[in-house]
Amino acid sequence: MRFKIVTSPHISQDVSVGQIMRRVLYAMIPGIAALTGFFGWGILINLVIATVVALLAETVMLTVRGRPLALHLSDFSAVVTAWLLAVALPPLAPWWLTALGIFSAIVVAKHLYGGLGYNPFNPAMAGYVVLLISFPREMSTWLIPHGLDQPHALSFLDALRAIFSSEWPARFTLDALTGATPLDALRTQIGLGLTVTEIRNSPIFGIVAGQGWEWAALGFLAGGLWLVYTRTADWRIPAGMLGGLAIIATIFYLADPQHYAPPWFHVWSGAAIFGAFFIATDPVTASTTSRGRLIYGAGIGILVYIIRGFGGYPDGVAFSVLLMNIAAPAIDLYTQPRVFGARRG
Amino acid sequence: MIAAIVVLSVMAGVSGLLLGFAAVRFKVEGDPIVDKIDAILPQTQCGQCGYPGCRPYAEAIAAGEADINQCPPGGENGVTALADLLGRDPKPLNAEHGVVKPKMVAVIDEQNCIGCTLCIQACPVDAILGAAKHMHTVIASECTGCELCIAPCPVDCIDMIPVAQTITTWKWTYPAVTAKAAA
Amino acid sequence: MSRLYPFHGGLKTVRHKTESNQWPIQRAALPHRLTVPLRQHIGAIAKSLVQAGDRVLKGQMIGQADGYISAAVHAPTSGMVAAVETCPVPHPSGLPDLCVVIDSDGEECWVEHQPVDYRALHPSELRNVLRNAGIVGLGGAAFPSAVKLNLSGQCEHLDTLILNGAECEPWITCDDRLMRERATGIVAGLQVMTHLLEPREVLIGIEDDKPEAIAAMAEACVGTGYQVRPIPTRYPSGSVKQLVKLLTGKETPVEGLPVDVGVQCFNAATAYTVHRAIDHGEPVISRVVTVTGHVSQPGNFEALLGTSFADLVEQCGGYREGVERLIMGGPMMGFALHSDEVPLTKAANCILAASAAELTPAQPVMPCIRCGACVDVCPANLLPQQLYWHARAKEFDKAQDYHLFSCIECGCCSYVCPSHIPLVQYYRYAKNEIWAQEKEKQKAELARQRHQARLERLEREKQEREAKLRQKAPAKTIKATKASEAGIKLDIEAAVAHAKPHPPSSISSHAEEGESITDYSARTPALPVEGGSRGSEPLSSKQDA
Amino acid sequence: MKDYALILVGTILVNNFVLVKFLGLCPFMGVSRKLETALGMGLATTFVLTLSSICAYLSDAYLLAPLGLEYLRTIAFILVIAVVVQFTEMVVHKTSPLLYQVLGIYLPLITTNCAVLGVALLNVQTRHGLVESGLYGFGAAAGFSLVMVLFAAMRERIVVADVPIPFRGAAITLVTAGLMSLAFMGFAGLVRG
Amino acid sequence: MNETGYLKILKDGVWTQNTGFVALLGLCPLLAVSNSVVNGLGLGLATLLVLLISNVAVSLIRNLVRPEVRIPVFVLVIACVVTAVELAMHAFLPGLYTVLGIFIPLIVTNCCVIGRAEAFAFKHKVAKSAVDGIATGLGFMLALTLLGAVREVVGQGTLFSQADLLFGELGKGLTLHLADNYRGFLLAILPPGAFIGLGCLIALKNIIDSRIQHRATAQPATVLIEAKS
Amino acid sequence: MKKIARSMGIAALILTGFAVVGTGLVAVTYSGTKNIIAEAQRTALEASLNQLVPADRYDNRVTEDRIEAVAPEWLGTDQPVTIYRARKNGQPVALFATPTAPDGYSGPIQLLIGVYADGTLAGVRVLAHKETPGLGDGIEARRSPWILAFTGKSLTDPPQEQWKVKRDGGAFDQLTGATITPRAVVKAVRRFLEYVQKHQEQLFAPAAGVK
Ligand SMILES: Cc1cc2nc3c(=O)[nH]c(=O)nc-3n(C[C@H](O)[C@H](O)[C@H](O)COP(=O)(O)O)c2cc1C
Ligand SMILES: Cc1cc2nc3c(=O)[nH]c(=O)nc-3n(C[C@H](O)[C@H](O)[C@H](O)COP(=O)(O)O)c2cc1C
Ligand SMILES: Cc1cc2nc3c(=O)[nH]c(=O)nc-3n(C[C@H](O)[C@H](O)[C@H](O)COP(=O)(O)O)c2cc1C
Ligand SMILES: Cc1cc2nc3c(=O)[nH]c(=O)nc-3n(C[C@H](O)[C@H](O)[C@H](O)CO)c2cc1C
Ligand code: SF4
Ligand code: SF4
Ligand code: SF4
Ligand code: SF4
Ligand code: FES
């Protein structure tokens with residue numbers, strides 16, 4: 001009788017990378033739904049464009065490199081990257097912008113390093129930043145959420161046309177549809193010398209943060225908590241990031257409440273929640289030790305605040321994540337756990 | 001113009017004084033790197049690297065005359081270790097100097113040995129026992145497998161045989177192979 | 001209830017205990033031929049005391065312990081020695097090893113039993129009795145127990161003696177059944193150990209999914225002061241360092257042994273063999289083994305060492321359809337066997353015939369996504385993904401920086417890895433390579449010294465020759481030395497030239513000699529090697545050394 | 001005080017010498033293969049850069065400028081740097097063999113690190129005073145060391161990644177530096193002016 | 001095949017041991033100044049000039065210099081050459097001078113200049129050193145111009161913009177616009193683009209080299225197969 | 001000891017020798033190029049001024065007819081700002097200055113402004129800025145014609161309260177997606193015009209007034 005020679009352990013848990021990635025996709029659904037509700041079809045169209053381009057780019061790279069296609073396409077990591085990037089793009093971003101971002105993410109940031117598991121930088125955020133610095137105008141034309149002074153929704157076809165041929169429906173002017181995002185508004189108006197209270201009286205602000213935005217954040221929070229619950233994402237990273245952001249925001253807020261927005265505003269604004277649960281938690285590019293993950297998260301939180309408050313960009317999640325990606329290997333090196341039986345201290 | 005020349009020559013002069021001082025006070029000492037290189041080499045003393053033994057090769061590397069990929073007995077690991085020590089990029093073994101072979105030991109066919117002692121003279125690690133006109137034997141545990149005894153033997157009675165694998169010398173293999181086989 | 005000190009990591013695995021633990025231990029039939037390996041333990045192989053044609057009695061010593069870390073081997077039954085030769089043995093390599101093959105005469109004719117009163121003997125004599133009885137750890141490592149029963153030089157005084165009845169691996173139930181059925185024997189053996197080690201307390205750790213065994217042991221312990229401690233069912237609570245932590249809160253130092261913190265630990269079955277050896281004068285010639293998995297009727301057998309696995313499976317009614325691998329040991333740490341024609345050894349606690357249904361299907365290996373699942377379960381508190389990363393890249397130094405040698409190869413990390421990476425094998429590979437490199441370094445150092453010595457000798461001889469020549473004929477000297485120097489140079493050059501790759505013609509001439517090469521290999525004895533297992537028992541790296 | 005802090009933040013993060021200003025790239029690429037060497041190089045550079053920017057300032061302010069010999073700056077500065085480097089080597093060698101072990105081998109490489117000359121020239125260009133010059137030099141070197149150490153840790157990981165063959169080695173290292181530089185653009189605007 | 005001598009020096013300098021692509025020396029100017037072809041060309045020319053003169057000078061003085069002052073002397077010589085070139089550029093190409101800024105004096109510390117002085121000129125006769133200087137300079141210029149071209153095309157869709165800085169009025173007509181209303185991909189012009197662009201060029205060179213090698217080894221391989229059959 | 005002295009001497013000699021020769025050569029080059037450089041600098045400056053005011057509108061050497069002014073509130077910088085005057089037949093024609101708009105999106109923006117003696121703008125150009133490429137850098141003449149809109153404007157045209165970007169209810173366009181940068185530039189130009197209006201006399205005072 002011939003037996004198969006395989007090394008131990010001979011049994012294993014029934015999880016796979018594909019499953020983990022799919023969980024991330026499921027977890028994004030509530031947030032995406034909220035975003036679509038407030039910003040219209042553009043979000044979904046972007047999502048589709050991004051997914052198609054990502055799968056295409058992944059296929060090409062895998063083929064060029066002679067890797068098994070089916071195996072790696074079914075790990076869904078490219079789709080996760082695509083969705084994460086698409087969600088962060090303005091709803092009516094021209095199609096080429098999305099495509100270029102995905103290309104940078106999948107080809108440059110991921111496959112030049114060997115594909116899944118080897119990339120030191122978060123592909124989605126690398127793609128995002130490439131776009132942000134190359135096309136700042138396109139990247140900062142966000143739509144005004146529904147339910148404000150804009151009862152009219154762009155129809156699906158309008159959105160398609162806007163995305164693919166950059167033609168806006170004649171009914172609206174560009175200026176009527178777009179406007180500064182809450183963080184941008186806060187940033188520029190503080191620069192003009194207004195106080196936080198004055199600024200937040202503007203209709204674009206809602207209960208805690210931006211009108212509309214805050215519901216999207218809630219959706220992402222729900223999905224994110226589920227990710228943490230299923231252990232798909234390590235709780236330490238979101239905890240570290242939101243904690244770090246809240247603490248530093250509190251310090252400044254207490255020092256001068258008129259000049260600095262309150263911590264809850266910061267935590268709930270922009271991409272903080274989304275970033276904490278979905279982006280910073282990318283296991284490949286984050287720190288992998290337990291203590292390291294706390295530090296990594298806190299680092300992101302603090303950098304986000306610094307960039308938002310003192311830097312040149314309204315939100316800093318993407319930059320902060322990339323910056324901490326740089327530090328992650330060093331953090332890992334210095335935060336190794338005490339091995340069983342090693343002397344304490 | 002004069003000012004320019006004066007200022008710079010003063011500066012240069014002062015620098016020269018300092019450096020001249022330094023040159024004598026702090027002569028470079030011997031080169032400990034040779035020992036470190038030698039420690040990595042497998043000491044087979046086979047000469048495949050093109051140098052008569054491991055130490056000369058180590059000296060050649062330290063002097064920048066030889067590349068780090070000339071020692072087949074050291075194998076890939078040896079090259080990597082050298083690259084690491086010298087802060088260079090590892091490279092594949094230079095095939096000109098031979099290829100990595102499984103570990104071998106020399107065995108003397110005792111029936112044919114005429115006891116000429118030539119192999120004893122060739123063996124760099126004195127791994128062959130025997131007296132003139134008497135049959136010789138290789139001490140297997142001391143033999144480095146350098147093959148230097150083969151050529152001198154007038155009756156061609158020395159053979160290299162691969163070291164047989166036993167339970168105690170068996171090693172777990174690099175998993176990629178098995179992983180693929182399993183998949 | 002006294003408190004437990006949970007260790008980091010660990011897993012809840014599938015259990016699969018009921019398949020085999022519902023029936024009492026059966027006595028396996030006496031086979032016609034027994035193949036008894038001379039190396040069934042960690043350490044040097046036993047020296048054979050018999051030759052083909054010798055008649056042996058049951059329990060007669062046929063292999064003598066060779067050195068301190070070694071163990072004796074005995075004839076499991078009476079009969080005729082058919083051969084002393086290399087035969088297949090249960091080993092992950094599938095390589096053969098030296099065995100004594102005995103054709104049983106069916107008479108089971110014992111040597112004289114020599115029970116001893118352990119209280120009357122000097123400890124070292126008592127240990128000798130145990131050594132001569134071939135007692136080794138039956139928990140899987142097969143480390144000679146006499147060594148572990150000698151505290152001198154290791155620790156002043158033993159705090160705790162632990163009896164390991166955890167049996168945390170899935171499928172295996174031999175200790176469970178043994179504890180249920182022969183608890184008094186185990187406790188008797190424990191008493192011998194207690195006598196030798198004089199611990200302050202004796203704890204018996206049994207996973208709480210074995211209530212019958214706990215009850216039986218508790219009953220047997222009445223009046224002894226030994227405490228039975230149910231522990232949570234969590235793999236690998238049976239691993240000695242984790243068990244020590246769990247029961248006493250003490251962490252065994254990274255490069256140390258439990259004795260370093262005043263604890264010693266033995267397997268339940270080991271205690272039972274001690275009892276048999278002391279109270280009945282029987283050496284280790286049989287053991288209880290679980291035969292389970294995809295066989296018709298799984299169960300536990302008390303079988304003679306040397307019985308082939310195929311025989312044991314036959315007694316379970318044979319394989320069921322679809323067996324794809326045969327595993328010695330449990331599914332977490334056991335290794336796959338190349339064949340079932342291998343003999344039962346002291347270390348074999350379980351034979352698991354596994355079909356696809358028992359195993360998780362082989363899934364393609366993906367790159368590590370650094371998810372950290374492995375970190376969460378690693379009982380040694382390592383960073384398995386980093387170990388893997390460096391082992392994969394053959395950066396052994398860095399792997400060691402990450403405490404590769406603290407890995408107990410428990411397999412928890414591989415179990416949870418979503419990328420299905422054979423992590424443990426990477427670690428085994430890396431450990432083996434490091435050991436091999438270490439050995440090679442030593443060999444290289446030796447070669448260097450010998451080369452150096454030779455150069456010095458040559459130099460000396462040359463000088464002596466010169467001196468002589470100078471005395472004899474001053475005029476000729478210069479020429480002569482020059483000539484001899486030239487000769488040496490020529491030699492070296494010839495050697496160097498020879499060492500260069502052979503031109504094709506010489507390769508072909510070598511090929512012709514192929515036959516004689518094989519001829520030699522058959523005749524040459526194996527190279528002398530130090531005793532020591534490689535990789536199969538991680539805990540012993542120190543004992544090994 | 002705030003100005004000084006701004007100089008530091010500016011040189012370390014916002015206008016990082018390596019990633020934004022493109023100075024000192026050769027050692028950045030060449031000596032960052034291993035973490036320890038990167039650390040050693042960082043320390044050595046920090047020391048030399050601080051010292052040499054002060055010395056360069058002094059020679060400019062008290063020798064060249066008064067005599068109207070600004071066009072000789074390059075020559076004078078590089079001479080000063082070469083001497084500072086060799087002098088440091090000498091002092092370290094004499095006082096602390098241990099430190100020499102750590103820094104010694106890197107010192108000669110620093111002469112050709114263009115960050116050193118770059119700092120001296122930029123100090124003059126931006127009309128920094130003595131303290132500012134020193135701080136500027138220190139900040140530049142600290143920024144250099146910081147990214148170098150982080151980069152080295154990253155490189156140790158990247159060498160074993162499954163990088164496509166044409167990109168192995170220098171190419172992927174440069175791409176990594178590029179992405180690092182991309183990330184550092186996030187600091188843009190942190191220090192105005 | 002006789003490749004020794006001048007041809008080999010040339011080939012080494014321009015391709016095999018190209019400072020920018022292989023030796024990774026002189027990276028700072030290479031990355032900083034290569035945001036357009038014209039800038040690259042300008043600095044490339046300046047460096048070429050410096051390399052040539054300094055190589056010749058070092059080769060000339062190589063017997064006068066003692067080891068302990070070797071580096072300072074080289075540095076001094078190079079610094080003088082650079083300053084002279086700088087002054088000349090300031091006088092005759094003021095536009096380019098302003099654009100290149102600090103990177104002209106920094107040619108002094110361009111590792112490839114001192115590297116060639118040390119590794120080559122110090123050991124060879126004048127003629128060979130001169131050729132080496134030219135070869136290395138050409139190689140460096142090649143790297144600068146190529147990178148400049150890639151970055152300029154991708155970044156703003158033009159080639160030879162601001163050619164007047166280098167060629168005067170004549171250059172104004174040289175500018176090529178490759179596509180109408182090209183939006184420009186700013187990344188290429190910004191610092192990250194420099195790193196990534198050079199990385200890609202090196203990868204490209206690797207691909208070319210391996211193709212060449214492949215072709216070179218392909219022939220003997222077939223011979224082997226024939227011999228076997 | 002002697003060895004050291006000898007070594008020091010030789011090293012110093014070699015270095016000094018090379019320094020003398022090298023510096024000599026450089027000094028020669030310097031004196032040879034000094035005037036050319038100065039000339040080139042002047043032509044460059046004149047060329048950029050001539051973009052704003054055609055050369056035939058004045059006849060003096062603008063680059064030499066200059067004063068320095070320090071007026072942080074008006075000129076946006078603590079540093080002295082050089083002001084060049086163009087005259088024809090001794091009569092003031094125009095003046096040029098390089099004030100700063102301190103409140104750009106990511107830092108100060110250095111401008112070059114030319115004003116005719118009658119207070120109309122000869123033109124505005126951006127000399128240096130750190131605005132976001134692709135967004136705020138529309139103020140550069142080679143990226144967009146936005147900055148050319150200033151030519152011919154004065155404090156009365158448009159009226160003072162219209163000296164704002166359109167979004168703030170003024171007369172000047174903003175750049176798409178970037179309001180802050182144009183806002184800063186418009187403000188700086190207006191301030192400079194006001195400054196010129198206030199100090200007309202001093203600014204055009206004859207060369208004697210050069211500080
Ligand atoms: C839930 C959610 C809320 C967001 N809110 C804002 C916002 O208030 N202001 C803004 O500039 N961008 C906002 N964005 C976009 C992100 O801030 C940004 O585009 C991206 O996710 C992170 O990149 P950054 O941090 O570099 O800007 C939001 C995105 C999401 C998904
Ligand atoms: C992961 C792991 C699990 C183990 N599980 C058990 C077990 O369940 N029962 C046991 O007796 N020994 C187990 N061992 C072996 C023990 O660590 C230890 O070797 C043994 O208890 C010592 O007793 P012995 O010398 O009598 O065999 C395990 C070892 C490892 C590494
Ligand atoms: C990354 C980034 C860079 C920006 N850079 C500039 C800039 O340089 N100049 C500017 O006026 N606005 C810039 N903005 C836009 C401002 O934040 C603000 O949204 C805008 O000035 C408001 O103008 P609007 O009312 O025309 O949208 C930038 C925005 C982002 C996100
Ligand atoms: C919890 C979690 C978060 C993730 N976040 C990201 C992300 O932010 N960006 C991204 O490109 N991929 C993300 N991925 C997908 C995947 O890890 C990523 O594509 C790898 O970086 C590709 O090697 C995430 C995956 C998981 C499980
Ligand atoms: S090839 Fe290797 S083993 Fe042989 S002599 Fe040279 S260095 Fe020694
Ligand atoms: S016996 Fe032969 S092969 Fe072995 S070491 Fe000596 S010379 Fe070399
Ligand atoms: S469990 Fe597997 S994939 Fe996850 S970190 Fe560990 S080795 Fe990597
Ligand atoms: S096998 Fe080793 S690394 Fe993996 S979990 Fe067990 S102890 Fe940890
Ligand atoms: S050119 Fe080499 S360090 Fe700058």
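Below, read A as the first sequence line, B as the second, and so on, with proteins coming before strands; counting in each chain starts at 1.
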Check your understanding: Quick one: ring pair (Phe, Tyr, Trp, His ring centres under 6.0 Å) partners of D:Tyr57, sequence neighbours excluded?
Key -> none
Review point. Considering only heavy atoms from C-beta outward, does the side chain of B:Asp38 approach that of B:Cys54 to under 4.5 Å?
Key: yes
Exercise for review: Output the distance between atom CD (B:Gln121) and atom CG (B:Asp126), rounded to the nearest 0.5 Å.
Suggested key: 11.0 Å
Practice item. Find out whether D:Val18 and D:Phe184 are in side-chain contact, i.e. whether some heavy atom of one side chain is under 4.5 Å from a heavy atom of the other. Key: no
Practice item. Tell me the residues of residues 67-77 of chain D whose non-hydrogen atoms fall below 4.5 Å from those of chain B, in number order. Key: D:Leu67, D:Leu69, D:Tyr71, D:Leu72, D:Ile75, D:Ala76
**Study point:** Check: D:Ser181 and D:Val20 side chains under 4.5 Å, non-hydrogen atoms
**Key:** no
Exercise for review: Give me the ring orientation class for D:Phe151 and D:Phe28: parallel if the planes are under 30° apart, tilted from 30 to 60°, perpendicular past 60°.
Suggested key: parallel
